[in-house]
Amino acid sequence: MSIWVILKIALKALNRNKIRSILTMLGIIIGVGAVIAMVSLGAGAQRQVQEEIAAMGTNTLQVWSGSMRSFGTRGGSGTMNTLTAEDFEAMLTECPAVKAVSPSASTMSQVVFGNQNWSSRVEGYNEQLPDLRNWKVIKGSFFDASHVKTAARVAVLGQTVMNELFSGSDPIGQTIRIKNLPFQVIGVLDKKGYNAWGRDQDDVIVTPYTTVQKKFQSGVLYVQSGIVGAASARATYAAQEQITELLRQRHKLTPVQDNDFTVRNLSEIAEAADATNRIMTGLLASIAAVSLLVGGIGIMNIMLVAVSERTREIGIRMAIGARPGHVRIQFLSESIVLCTMGGILGLALGVGSAIGISQLMGWPTLVSPNSILISLVFSAAIGIFFGYYPAHKAAAMDPIDALRYE
Amino acid sequence: MPGEEGDVEMPPLSPSLTGPGLAATHSDASAVIALQEIRRVYDLGEVQVQALKGVSLEIPRGQFVALMGASGSGKSTLLNILGCLDRPTSGIYRLDGVDVSTFSPAQRADIRNRKIGFIFQSFNLLPRTSVWENVEAPMLYSGVLKAERGRRIEAALNVVGIPEKAKALPNQLSGGQQQRVAVARALVNQPAILLADEPTGNLDSATSEEIMRFLQRLNREKGITLVMVTHEHDIAAYASRALHLKDGHLLSDEMNPSSHEQA
Ligand SMILES: Nc1ncnc2c1ncn2[C@@H]1O[C@H](COP(=O)(O)OP(=O)(O)O)[C@@H](O)[C@H]1O
Ligand SMILES: [Mg+2]
């Protein structure tokens, strides 16, 4: 029997029980769809982290006040308020591997322009931010050192904020109100898009950090965190060591005391993000695999029902000369066709929902040809694995018993 | 189908059954069916049912045999063994000179496919499958090519007289028409014997007569060997020989002198 004849008979049999075939396929469709969607989202997030870190410059470090250890909580980072603006200035002057620094301070606030109104994140830095974050100003200009020194009420807008408040008109020179205080808009930042954790990086207003401290944090003198640029990507580990040594010295820590601050370079952060991502993807993929398994058991169940329903047909086919092997391949091909069709539909569902999720939630996705191939091969394998026992049962029937079956 | 296992494993014919230099399969004089002491015991665990208790007989090529007897006498059991659907518990069955009593299930499937055509009381057509595809089915298992399949289906439907029903489904046909499709399907691989288990059991008397005349013509004009189970004497009258079974024994074996006049 040629493969086309076998497939034709299988398709006809499945077509006779359309609803049942579709319901049976549903398990595989959902399983494969989930695998594809999960793997695509995971791969997309991973690539985004890599791109983001490359865009931020691999030579960037972050410094927080408070210690943070990998295990156990010894004061959360940022909770101990041990860093000062002077600490950051000292890093720039004392650490040879450090090229640029900026303390940071941030708050959430309502922002108003005319009758437009938007809630956004106000982030304070110094004038070195565009270099440190590799972030260009595309309109107007960034604030300078004198703005920082005087805690000037100037604001540079992210794209999202600009669109929400100004909807097309030119924001430069306009006055917006942040927590009811007037700020002059002096620049607009280039579009950055979403970060790997799904946050809109353009939904931001950048002001001098001193302004945030004085106007919104009742004049605090400590700095919760800041970013540091090393001289080169290679210098990040040297910069990390030098900063640690400098800060321990400045904070007068004895050798038995732990750091009261945390220095992280971005490659560490990238690794952590990567690991988290891998664990999440693995977890979701194993849930998807369980649903594939359940789908496979559903296939087996339905094929067993089909074999017993069609006992008489099996008997007739045997009487006119079907060998046990012919009967086996007939039922096996039905379950393979069922699973492979489910796999193809699941693939469409998975790719579709991955694209849908990425557009709805703004998460990045990456559909790899590998995951497509693997899911199709896998679903055919499920068809063979779970279809074999029912097919074998059909093939092992005695022709006389099968013919006599009512 | 040359080259497939059924053909390959057939041993050469023994000289006692064939004339010198003549293959049994082409000799009209040799028996197409030869049974020696065929027994069939159904083992039901606690009891054993002896359905056939040593049946020996020969059926020459081209004969039309009616197999008669009371219900439970072993007619169907014997026919199933003749059709290689079942194996004897003991005894030797030579079909076309070949001992098939020890064949494997796959080998018996090949024998059924090429040498035997079945006609059942309940027609046993594949449901929701067109007449054309029903008649085609045996050839799918013997690997006949598509063009040849088409030719043979048309020829077979012509022989049974319903060429216009090729696209119909079994449930759109009358009982007589369904039985004709079954006959076409039985003939399509050019078998050595046709086996029929109460072929008119589900038909009214007019249609029964029509089918019987048709089977008789097949036997007379095409020389097809026919073995038919029936318990009705007027149906058995179409045959040229009548075998009577009782309790698993062959009770009588008579030639029917009047069968020619029925035509
Ligand atoms: N599959 C079977 N299992 C057990 N006993 C059977 C089976 N088939 C037939 N028999 C028994 O064998 C005997 C002959 O049956 P069967 O050949 O069907 O008779 P007939 O066709 O002449 O009515 C009966 O006693 C019947 O009950
Ligand atoms: Mg019977």
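As a basis for the values below, the full set of heavy atoms in this structure was taken, side chains included, without hydrogen atoms, waters or symmetry mates. In what follows, chains carry the letters A, B, and so on, assigned in the order in which the sequence lines appear, proteins first and then strands, with residues in each chain numbered from 1. Note that this is a predicted model, so its numbers are computed, not measured.
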- Message: Counting only non-hydrogen atoms closer than 4.5 Å, does B:R185 touch chain A with its backbone (N, CA, C, O), its side chain (CB onward), both, or neither?
- Response: side chain
- Measure distances from B:I116 to the heavy atoms of chain A and classify the residue's part below 4.5 Å as side chain, backbone, both or neither. neither
- Message: For A:I9, which atoms come within 4.5 Å of any heavy atom of chain B: side chain, backbone, both, or neither?
- Response: side chain
- Message: I'd like to know if the side chain of A:R323 and the backbone of B:P105 have a donor-acceptor N/O pair within less than 3.5 Å.
- Response: no
- Look only at the side chain of A:R16 and the backbone of B:R128, and say whether a donor-acceptor pair between them is shorter than 3.5 Å. yes
How far does [atom1] of [X] sit from [atom2] of [Y], to the nearest 0.5 angstrom?
X	Y	atom1	atom2	result
B:F118	A:M318	CZ	CE	13.0 Å
B:L126	A:I320	CG	CD1	5.5 Å
A:D398	B:D86	CG	CG	6.5 Å
B:F120	A:L403	CZ	CG	5.0 Å
A:I400	B:N80	CD1	CG	4.0 Å
A:E313	B:L125	CD	CG	12.0 Å

- Item | Test item: side-chain donor near acceptor, A:R312 and B:N124, under 3.5 Å | yes
Would you say that more than 12 heavy atoms from the other residues, nucleotides or ligands in this model lie under 6.0 Å from the [atom1] of [X], or not?
X	atom1	answer
A:Y389	OH	no
B:Y42	OH	yes
A:I3	CD1	no
A:H392	NE2	no

- Option that, when pairs with chain B are counted at under 4.5 Å, heavy atom only, ranks first among A:P324, A:S2, A:A319: A:A319
- Task: Can you see which heavy atom on A:G321 is nearest to which on B:Y141, and at what distance?
- Result: O-CB, 3.6 Å
